Amino acid sequence: MSYHLNLSLQNPGHVRTAWRLPANDPFAQTDVAYLRRLVQEAERAKIHAVFVGDGPALTGAIERAPEAGIEPVVLFASLLAGTSHIGAVATSSTTYNDPYNLARRYSALDHVTGGRAALNAVTTYSPAAAANFGLAEPPAKEDRYRRAEEFLEVITALWDAWEPGAIVADKASGRYADPSKVHAIDHAGEFFSVRGPLSIPESPQGRPLLVQAGASEGGVRLGARFADVVFAVAQTPERAVAFREDLRLRARAFGRDDGPIVSLGVVVLLGSTQEEARRRADDVLGTIDIDTATAQLLASLGLPPDSHRPDDPLTLADLPDVAERRSSEGFQASTRALLERGPRTPRDLVHRSAGGAGHRLVVGTPEQVADDLDAWYRAGAADGFTIMPADTATDLEAFTGHVVPLLQDRGSFQREYSGTTLRESYGLAPVRRREVART
Amino acid sequence: MTGSRAGTRPTLLAPRGAAALALLDDDVLDRVRALLVAGRLHGLLLGAERLDGGVAASEPTGLAATLAGRLPEAGLVTVSADPHDHPYNTARRTLSLDHVTGARSGVLFGGHGATVGETAERVLVVRELWNSYPVQSIVGDRATGVFAVVDGVRDVAHRGPRYDVAGALNTPSSRQGEPVSFWSVDGPAGAPDDGLVDVLVVPATTHLSATAGARVYRRGPLDPSWPDGTPPWAADGLVLETGDLAPATLDALDRLPRQAATVTGTLRHRLGLPDRSINLTDRPRTFGATA
């Protein structure tokens, strides 16, 4: 039994207000030297990949906490220089990018990292993002997912259009590439017309890995059809197991018997003793403005901002119908599964997910966190975990330095990397290239 | 034509095609670094293939980010010549490169197939976005819980012939005010309005009568047969193109004159350019005022 572990590099941590803690540097998010040290520490611990989320808009939340910041492809191209095995999962929007340009950028990232790049392809709802790209309002959800599906069709076709061995580089004859192994894709669809081929040869992994995080109908379909890795969110093991099984069946329907692996998001907050962990939880969660977080939680659940105070009980019956909601369905489903067990206050829900974004918070000693991960893995909840430090400045190194060695001693986690590319490291099957039209 | 740093002509190396990828080779990288330390080169221009309508062998911002840590003495200038790359994405990526290089970056705008007006609109939107989220807004006040004072965060509110962009950008502004902006001039009529960019980059053989208030750098292929090893071009700076970084090419670069190297500080400082920014206080506040 051995599972994968990814680490989120989000700063100041999954608790967005953790920058207020006395020991934390509020400017860490753009401190590249600091971020580089975190990546090197993660590689020392044999973590499979580091991850950052992203979106193309600034929001008013910046007044209270850092937001995205440095664009992930540029950031990881810089951070992975000087490392040799750890992978990078960067996030880009299929709603506000052009597939040809994004295919080039990720292929280039795969080249410069020697085969350690992954694209976390997300759709973007944000009205602020729409306004940045000349739209009066965001595209409808169905349109965003239809565009995302065509986007991934185009991007994978572009990556597959360079056959292995296309670069000849024969110095004697001066022949560099074999044109018979480089193909146009001649895609003409609802959203894109793309001739191809890409200007960059096949990348070291065959193609960069594809990661998907959506839990809506459209998101799960994308994951089942295209993804190598699916990020999942769950507050209960039953919900995680059901999601994974559903994904497996859907992938099989696309002819993928070796469907995507599932990486379950877990927020960790550590202490060397239970008492220290509880005290740290009080400090870290104490930075959250509970009134603001409650309003955000209620909005995410489709409820009016004044419907509940932080300590009012919230029940399943209070939630509106699924069709009325526009926020993350993974978050919805995860919260709903929790409320099925009984009422919870907004304060409790905010704290359980370390700020309200839906992922489960685990507070404890290294042994307790290791026990928790092992138990969820044994229950069939996931193929591995994406660890999101609650307070990155403390919890990232507490995890790599104290939890990882325990997991290694138990045989739950690798002591060495099992390959040089991220695909090999995850133990994924080789790319099944699509036959691109021979033009 | 205005003078550069006293007695220096900043020199950028523009490796094209396989030469750009050769920079990932440790031996080549070591020799290029030695050229930078010696003051024979001041930086790299990546993606120059795009200026003539060709395709770059790699993606310039990603390659520059990869090289940033290994070449701390280098200015890193990337070419942005694709009108389909939305200015919000261009601004985000290039300003991000500025952060990972420690403010040693610049962007050479071109537009093979685009009109001067179309490229000028793209440059203006990108530059305004670079200034829309001032880094000084980030105060990190633990006592009040205010992370950023949002009064200074402004919409660019651009509505133009080609682009409608609200802003603000979600990457804070550069330590050098904004990245150095270059403009690739295709021909005599190809220069932008005064003050839009810091530096015009002109083919070595093209006559240019007006300089739009910018420095003028000349670009052309590296020629090992130049007397004294340096090109006979009248210019404030040089962009030397090469399709390979073979030992003979690196030897030719070693014959470039040693100049007073400025290998610390921002790219603006290294190139003798003043700090620069666009005042957006006449634009709408993105979030209203901080309470």
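Reckoned from all heavy atoms, side chains included, excluding hydrogens, waters and symmetry mates. What you are looking at is a predicted structure, and each value in this text was computed from that prediction instead of being measured. Reminder, nothing fancy here: chain letters follow the sequence lines and each chain counts from 1.
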**Q** Any ion pair linking B:R159 and B:D164 (charged N to carboxylate O, less than 4.0 Å)?
**A** yes

**Q** So which part of A:P22 gets closer than 4.5 Å to some heavy atom of chain B, the side chain, the backbone, both or neither?
**A** backbone

**Q** Is it the backbone or the side chain of A:N101 that comes under 4.5 Å from a heavy atom of chain B, or both, or neither?
**A** side chain

**Q** Non-hydrogen atoms of chain B under 4.5 Å away: do they reach the side chain of A:V32, the backbone, both or neither?
**A** side chain

**Q** Mind ranking B:S137, B:G145, B:G167, B:A68 by heavy-atom pairs under 4.5 Å with chain A and telling me who comes out on top?
**A** B:G145

**Q** With a 3.5 Å distance limit and no angle check, can you tell me whether B:R122 reaches the backbone of B:G110 through a side-chain donor-acceptor pair?
**A** yes

**Q** Report which part of B:S132 has an atom under 4.5 Å of a heavy atom belonging to chain A: side chain, backbone, both, or neither.
**A** neither

**Q** For A:I62, is it the side chain, the backbone, both or neither that has a heavy atom under 4.5 Å from a heavy atom of chain B?
**A** both

**Q** Relative to chain B, which segment of A:Y96 carries a heavy atom at a distance below 4.5 Å: side chain, backbone, both, or neither?
**A** backbone

**Q** Can a salt bridge be assigned to the pair B:E241 and B:R16 using a cut-off of 4.0 Å between side-chain N and carboxylate O?
**A** yes

**Q** B:T78 versus B:T94: any side-chain heavy-atom pair under 4.5 Å?
**A** yes

**Q** Checking B:A143 against chain A: side chain, backbone, both or neither under 4.5 Å from a heavy atom?
**A** backbone

**Q** At a 4.5 Å cut-off on heavy atoms, which part of A:D25 comes close to chain B: side chain, backbone, both, or neither?
**A** backbone

**Q** Contact part of B:D155 toward chain A, heavy-atom cut-off under 4.5 Å: side chain, backbone, both or neither?
**A** neither

**Q** What distance separates A:L75 CG from A:L79 CG, expressed to the nearest 0.5 Å?
**A** 4.0 Å

**Q** Side-chain donor-acceptor pair under 3.5 Å between B:D275 and B:Q176, yes or no?
**A** no

**Q** When you measure from the side chain of B:E59 to the backbone N and O of A:L102, does any donor-acceptor pair fall under 3.5 Å?
**A** no

**Q** Among the options A:A81, A:S78, A:A128, pick out the one with the most heavy-atom pairs lying under 4.5 Å from chain B.
**A** A:S78

**Q** Checking B:A168 against chain A: side chain, backbone, both or neither under 4.5 Å from a heavy atom?
**A** both

**Q** Enter the distance from A:R104:CZ to A:D98:CG here, rounded to the nearest 0.5 Å.
**A** 11.0 Å

**Q** Please classify the contact of B:I138 with chain A as side chain, backbone, both or neither, using a heavy-atom distance under 4.5 Å.
**A** both

**Q** Which atoms of B:L169 are under 4.5 Å from chain A, going by heavy atoms: the side chain, the backbone, both sets, or neither?
**A** backbone

**Q** Taking the six-membered ring for Trp, are the ring centroids of A:F151 and A:F191 within less than 6.0 Å of each other?
**A** no

**Q** Return the option, out of B:V135, B:D98, B:T66, B:L97, with the maximum number of heavy-atom pairs under 4.5 Å with chain A.
**A** B:T66

**Q** B:T286, B:L63, B:L67, B:D141: which one forms the most heavy-atom pairs within less than 4.5 Å of chain A?
**A** B:D141

**Q** Salt-bridged, B:D282 to B:R154, with N to O below 4.0 Å?
**A** no

**Q** Among A:G134, A:A169, A:P201, which residue forms the greatest number of heavy-atom pairs with chain B at distances under 4.5 Å?
**A** A:G134

**Q** Given the options A:G55, A:A33, A:A108, A:A131, which has more heavy-atom pairs under 4.5 Å with chain B than any of the others?
**A** A:A131

**Q** Examine whether an atom of A:T59 lies under 4.5 Å from a heavy atom of chain B, and if so say whether it belongs to the side chain, the backbone or both; otherwise answer neither.
**A** backbone

**Q** Minimum heavy-atom separation for A:T392 to A:Q10, with atom names?
**A** OG1-O, 2.6 Å

**Q** Is it true that a side-chain atom of A:D110 and a backbone atom of A:A117 form a donor plus acceptor pair closer than 3.5 Å?
**A** yes

**Q** Determine, for A:E202 against A:R207, whether the closest basic-nitrogen to carboxylate-oxygen distance falls under 4.0 angstrom.
**A** no

**Q** Measure distances from A:L21 to the heavy atoms of chain B and classify the residue's part below 4.5 Å as side chain, backbone, both or neither.
**A** backbone

**Q** So what's closer than 4.5 Å to chain A heavy atoms on B:V156: side chain, backbone, both or neither?
**A** neither

**Q** Could you have a look at B:V139, B:D85, B:T61, B:L24 and say which one has the most heavy-atom pairs with chain A under 4.5 angstrom?
**A** B:D85

**Q** Give, as side chain, backbone, both or neither, the part of B:H86 having an atom under 4.5 angstrom from any heavy atom of chain A.
**A** side chain

**Q** Counting heavy-atom pairs under 4.5 Å to chain A, which of B:V100, B:L95, B:L21 comes out on top?
**A** B:V100

**Q** Dump the intermediate steps for side-chain hydrogen bond (donor to acceptor under 3.5 Å, both in side chains) on B:S173 and B:N131, then the final yes or no.
**A** CA-CA 6 Å; B:S173 64; B:N131 287 278; over 6 Å; no

